[in-house]
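Protein chains get the first letters and strands the later ones, always in sequence-line order, with residue 1 at the start of each. Because the structure is a prediction, the values reported are computed rather than measured.
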Number of protein chains: 2
Amino acid sequence: MAAEWLRRLRRGGPAEQPGGTQGPGPGPPPAALRYRRPKFLRGGTEESPRDRRVVRGTGPERPLPWGTGYAEVINAEKSEFNEDQAACCQITVRRREPGLEEDEEWLILCSTQFLTGYYWALFDGHGGPEAAIIASNYLHYCIKQKLEEVVGGITEARPPMHLSGRCVCDSDPQFVEEKHIHAQDLVVGALENAFQECDEVIGQEMEATNQMGGCTALAALYLQGKLYVANAGDSRAILVLKDNIVPMSCEFTPETERQRIQHLAFLFPKLLGGEFTRFEFPRRLKGDDVGQKVLYRDYFMEGWGYKTVEKADLKYPLVHGHGKQARLLGTLAVSRGLGDHQLKVIDTNIEVKPFLSCIPKVNVFDFALHDIKEDDVLIMATDGLWDVLCNKEVAHMVRSFLEENRTDPHRFSKLAKCLVCRARGKKRGHQWMLDDSHEASYDDISVFVIPLHNRDED
Amino acid sequence: MAAEWLRRLRRGGPAEQPGGTQGPGPGPPPAALRYRRPKFLRGGTEESPRDRRVVRGTGPERPLPWGTGYAEVINAEKSEFNEDQAACCQITVRRREPGLEEDEEWLILCSTQFLTGYYWALFDGHGGPEAAIIASNYLHYCIKQKLEEVVGGITEARPPMHLSGRCVCDSDPQFVEEKHIHAQDLVVGALENAFQECDEVIGQEMEATNQMGGCTALAALYLQGKLYVANAGDSRAILVLKDNIVPMSCEFTPETERQRIQHLAFLFPKLLGGEFTRFEFPRRLKGDDVGQKVLYRDYFMEGWGYKTVEKADLKYPLVHGHGKQARLLGTLAVSRGLGDHQLKVIDTNIEVKPFLSCIPKVNVFDFALHDIKEDDVLIMATDGLWDVLCNKEVAHMVRSFLEENRTDPHRFSKLAKCLVCRARGKKRGHQWMLDDSHEASYDDISVFVIPLHNRDED
C-alpha cells in the first residue's frame with residue numbers, strides 16, 4: 001500500500017505534495033533528498049563552523065504555531081552534518097476516502113468537515129542525515145493520511161463499529177462501549193500506523209536512491225483539545241507545568257528493551273548468525289570465565305541468576321554495554337526508530353532491522369482535565385540535551401527563565417536557545433564544558449519550547 | 001535438568017523429599033497424586049456438600065507461620081472438585097551445590113549457613129485439579145532449590161560476578177555495580193527460574209500419569225526483610241496498610257497480554273492452524289461485515305484503527321471476549337500459569353501452550369523502608385474473591401474487622417473466613433447473592449490473611 005501511495009505522491013496525483021516534490025507524470029527515479037536544515041530556520045544548507053558550534057534558532061520574522069521556540073546546534077565533530085532534523089506545521093485533516101476525487105469537490109461545499117491539528121517533531125539521524133530528512137518531510141504527511149482514513153470515527157465521541165456508520169448488528173455500539181474505545185484511541189492508532197507507513201516510505205526512498213541510515217522519531221500532535229506524544233527512540237518530551245513535571249515519552253534503548261530483543265533472538269536464533277549470544281552478562285566474557293558460574297540474564301528474566309559459562313557464551317552479546325554505551329548488536333544505541341532497512345552488523349550479513357521496532361509509544365495529555373497556566377510549556381529535545389541535563393534541571397531553567405522574561409514577546413525562542421547553549425556548554429581549550437565543569441554534550445542538540453496557554457483552538 | 005532432578009527426587013537421592021514421596025530406588029512409574037485439600041486444613045479429601053458451600057479455615061490447633069489465617073470454599077457446581085490449592089511453609093535455604101553430599105556434612109558444623117524464608121502460595125486449577133496439586137507440592141521445593149543454587153550471592157549485599165567469589169577481571173565488582181545488581185535481583189531471578197522449573201516438572205508428571213490441566217500460581221516469599229510476590233495468572237495479592245493499599249501483583253489475562261499473544265501469532269502464524277485470526281475486533285465478525293471498514297487492533301497497536309473486513313477475518317479471534325468472558329483461543333481465561341502442556345483447542349490440533357507463559361512478574365516490598373503497624377496484612381486470594389470484591393472493599397473489610405476484633409487471638413483466621421463468606425454470599429432460592437443483591441462468586445474462593453507486624457526475623 002505504501003508503495004502505491006508513494007508512487008502516486010511522486011507522480012503528482014490527487015494526494016498533496018509533501019516536501020515540494022512535483023512531477024508531471026512517471027519519470028526517472030527520484031534524486032536523493034538534498035541536505036538542509038529545517039525549513040522554518042532562515043538560510044540554506046550551510047553549516048556553521050563546527051569548532052564554534054553556533055546556536056541557531058527561529059527569529060521573529062517567521063513565527064511558528066503557538067509562538068513555539070526552536071533552537072539547535074551541531075555536534076563537536078561527531079559527524080559531518082547535523083543529523084538532527086525538526087519539523088513543525090499545521091495538519092489539516094479532511095473527511096474523505098484517499099484517492100476518491102469526487103470527495104474533493106464535495107469538500108469545497110462542506111468546509112466544516114476539516115479538523116486542524118498542530119504538529120512538532122524531532123528526528124535524530126544516525127549513519128547519515130538522510131533518513132531524518134525523509135522523515136521530517138513525510139511523517140506529518142503519513143499522520144495526515146492515517147487521520148483522514150479514520151476521521152469519520154474521530155469526530156464522534158464514541159467511534160462507530162463500522163466507519164460507514166452502518167450497524168450490522170444491533171449490539172455494535174454496546175461492544176464498542178465495552179471495549180472502552182474512544183475517539184482518542186483512533187488518533188493513537190493513526191499515529192502508530194503513520195510511523196509504520198513512514199518507515200516503509202523511508203525504506204523505499206533509501207533503496208531507490210541508494211542511501212543508508214536511520215533516525216529516531218519524536219512527534220507531538222495537538223488535536224481536538226488533546227496533546228499526543230508519539231516516541232520511537234531516545235529523544236524526550238516533558239511538560240513543565242507550574243507545580244509539576246509530566247514525562248510525555250519514555251526512551252527506547254537496547255537496555256530498556258532488552259527483554260523484547262532477547263526474546264526475538266530466542267525465537268529466531270538464526271538472526272544472530274552464530275556471531276552473538278542472546279544472554280546478558282555484567283561484562284563481556286573472556287576465556288578465563290569458561291566453567292565459572294557468572295551472573296546472567298535471559299529473555300524472560302527481570303532478576304539475575306548464575307549460569308556456568310560455556311564457550312558459546314564468549315560470543316559478542318546481543319545487547320552490550322551500559323547507559324549511553326549500550327549497543328544493539330554492537331551497532332545501534334536505540335532499539336526503535338525509522339529506517340535502517342539496509343543496516344548490517346559490520347563485516348557480517350547479520351541484519352539489525354528485525355530487532356528495531358518502528359512503532360511509537362503514544363502518551364496522551366487531555367487539556368480539559370488541567371488548568372493550564374501562562375508559563376506551562378512542552379519541552380521536546382533530542383538526546384543531546386538529556387545526556388547532560390535531567391528533567392528537574394530543565395524544568396528549573398524553564399521556570400526561572402520565563403519568570404524573568406515575562407514581557408519579552410520572543411521569550412520561547414530565547415528559552416530554546418538558552419537550553420541548547422546550556423547543554424552545549426563553553427569551549428575551554430579543546431573541550432566543551434558545562435558551567436559546573438562537567439563535560440558538555442558533544443552531540444547534535446535540538447529543542448522545541450511549545451507554550452500551551454495560548455494554543456489555537458478550532 | 002528438570003528431568004534429572006525429578007528422577008533423583010523420585011529415587012530418594014540426596015535431595016529432600018517434597019510431598020512425602022519416598023522410594024528406595026528406581027521402580028514403577030509414579031501414581032497420580034491423590035486429590036486432597038491443603039495439608040494444613042484438618043480432615044482428609046472429602047468435599048463439603050456443594051449446595052451448602054461450607055467455608056473451611058484453619059483452626060487454632062495448627063497455627064500457620066506468623067499466625068496466618070486461611071479460608072476456602074468450593075464453587076457452586078462449576079467443577080466437581082475445588083480446583084484451588086494452597087501451600088504455606090518455611091523454606092530453609094542451605095549453602096551448597098546441589099548433589100554434593102560432602103557439603104551436607106559440612107553444614108552440620110556450620111548451622112549459620114542457613115537462611116530461613118516463609119512461603120505462601122495459591123494455585124487455581126483449570127481442566128482438573130491435578131496441576132494445582134502438583135504445583136502446591138513442588139513449587140516451594142523448586143524455589144528452595146533455585147535459591148540454594150545462588151545463596152552465596154544472596155548473602156552478599158552486592159552479589160559477586162562469579163559465584164565462586166573468584167575475580168577473573170579486576171573490574172568485575174565495578175560492572176556488577178554499574179548494572180545495579182543486588183541480592184534482591186538474585187531472589188527475583190530464582191523465583192522466575194523456579195516457576196519455569198515447576199512448569200517442566202508438572203509437564204513431566206502429568207505426561208507420566210496421563211493427566212491434563214493447568215493452574216495459575218501466586219506465591220509470596222519473605223526472605224531477609226523483603227517480601228517477594230510472584231504471580232502468573234489472575235489471582236491477586238494486596239498489602240492493606242493503615243493508610244494505604246499496595247497492589248503486589250498484576251493479573252495476566254488474554255486481555256492484559258493481548259499484544260504479546262498477537263505478536264507471537266504474527267511471528268508464527270502456523271500456531272493458529274488456519275482456524276483463528278490474530279486481529280482483535282470489538283465483536284465476532286459475521287458475513288455481513290465483509291467489505292465494511294470495522295474497528296480492529298493488530299499486535300503493535302494500543303490504539304484502534306479501521307480495516308476492511310476480508311473473509312479470513314471471520315475466523316475465530318485469537319483473543320476474544322471481554323472481562324471475565326475473555327478467552328485465549330476460545331479456551332483459557334488466563335495467559336500465564338503452570339501446566340497445560342497437552343491442552344489443545346477443542347476438535348483441533350492447535351496447541352494452547354505456546355501462547356501461555358509460565359514466567360511470573362515479581363514485585364518486591366522492602367520492610368526496612370516502611371513502618372509496619374499492628375493491623376497491616378498481606379491479602380492473597382484467587383479470582384473467586386476479586387471477581388466480586390474490589391481492592392477498596394477488601395481493605396475496608398480488613399481494617400474494620402481487625403479494629404473490632406483487636407484482642408481475639410484467632411482474628412486473622414476469622415478474617416479470612418469472613419472474606420470468603422462475603423464473596424460467596426448467601427443462597428437465595430437457586431442463586432448465591434451478595435449482601436447488596438448482586439450475584440455472588442460461583443467460583444472456588446481461597447484467601448490468605450498474612451499479618452506482617454509479628455513476622456519472624458532470622
Side-chain angles (χ1 to χ4, degrees), chain A residues 146 149-150 152-153 159-164 166 168-169 171-172 174-179 181-182 184-193 196 263-264 267-268 280-283 285-286 288-289 292-298 300-306 308-309 322-323 357-359 361-362, chain B residues 146 149-150 152-153 159-164 166 168-169 171-172 174-179 181-182 184-193 196 260 264 267-268 280-283 285-286 288-289 292-298 300-306 308-309 322-323 357-359 361-362:
Chain A
K146 293 297 173 190
E149 285 176 13
V150 300
M161 169 87 186
H162 296 85
L163 198 53
S164 64
R166 192 185 142 214
V168 171
C169 294
S171 53
D172 283 355
Q174 172 207 325
F175 282 106
V176 172
E177 186 172 0
E178 271 178 10
K179 293 270 182 185
I181 308 173
H182 295 94
Q184 163 181 324
D185 299 304
L186 294 189
V187 181
V188 172
L191 285 165
E192 290 166 333
N193 281 312
Q196 206 180 39
H263 190 218
L264 196 60
L267 293 174
F268 300 102
E280 182 191 14
F281 303 99
R283 61 161 167 77
L285 299 185
K286 308 171 169 208
D288 282 0
D289 293 303
Q292 296 267 318
K293 284 196 166 177
V294 311
L295 286 165
Y296 87 107
R297 280 206 282 199
D298 200 355
F300 59 85
M301 296 168 77
E302 288 191 20
W304 289 79
Y306 285 98
T308 305
V309 178
H322 183 62
S357 167
C358 63
I359 304 301
K361 168 91 177 69
V362 184
Chain B
K146 292 297 173 191
E149 284 176 14
V150 300
M161 169 86 187
H162 296 86
L163 198 53
S164 64
R166 193 186 141 212
V168 170
C169 294
S171 53
D172 282 356
Q174 173 207 323
F175 282 106
V176 172
E177 186 172 358
E178 272 178 8
K179 293 269 183 186
I181 309 172
H182 295 94
Q184 165 181 321
D185 300 302
L186 295 189
V187 180
V188 172
L191 285 164
E192 290 166 334
N193 282 311
Q196 206 181 38
R260 174 180 72 75
L264 196 61
L267 294 174
F268 299 103
E280 181 190 14
F281 303 100
R283 61 161 167 76
L285 299 185
K286 309 174 168 203
D288 282 359
D289 293 303
Q292 296 267 317
K293 284 196 168 180
V294 310
L295 287 165
Y296 87 109
R297 282 204 282 198
D298 201 354
F300 59 85
M301 297 169 76
E302 288 191 20
W304 289 78
Y306 285 99
T308 305
V309 178
H322 182 63
S357 167
C358 62
I359 304 300
K361 168 91 178 66
V362 185

Go through the atoms of A:Leu191 and report whether side chain, backbone, both or neither lie under 4.5 Å from a heavy atom of chain B.
-> neither
Ranking B:Ser357, B:Ser171, B:Cys169 by heavy-atom pairs under 4.5 Å to chain A gives rank one to B:Cys169
Evaluate side chain to side chain contact (heavy atoms under 4.5 Å, CB included) for B:Arg283 paired with A:Val168, printing each intermediate quantity in order.
-> CA-CA 11 Å; B:Arg283 61 161 167 76; A:Val168 171; 3.6 Å; yes
Select, from A:Leu264, A:Asn193, A:Asp288, A:Asp185, the one with the greatest count of heavy-atom pairs under 4.5 Å involving chain B.
-> A:Asp185
Sort A:Glu280 into side chain, backbone, both or neither according to what part of it lies under 4.5 angstrom from a heavy atom of chain B.
-> side chain
Per-residue tally against chain B (heavy atom, under 4.5 Å) across A:Gly305, A:Gly323, A:Gly189 peaks at A:Gly189
Flag the one option from A:Val294, A:Val362, A:Val187 with the top tally of heavy-atom pairs under 4.5 Å to chain B.
-> A:Val294
Answer yes or no: is there a side-chain heavy-atom contact under 4.5 Å between A:Leu295 and B:Phe175?
-> no
Per-residue contact mode, A:Gln196 against chain B (heavy atom under 4.5 angstrom) | side chain
Based on non-hydrogen pairs under 4.5 Å, which of B:Glu192, B:His182, B:Gln184 is most in contact with chain A?
-> B:Glu192
To the nearest 0.5 Å, what is the distance between CZ (A:Arg297) and CD1 (B:Ile181)?
-> 7.0 Å
Shortest non-hydrogen pair, A:His162 vs B:Tyr306, comes out as C-CE2, 4.1 Å
Taking every heavy-atom pair that is under 4.5 Å apart, which of B:Val309, B:Val176, B:Leu186 has the most such pairs with chain A?
-> B:Leu186
Toward chain B, the part of A:Ile359 with a non-hydrogen atom under 4.5 Å = side chain
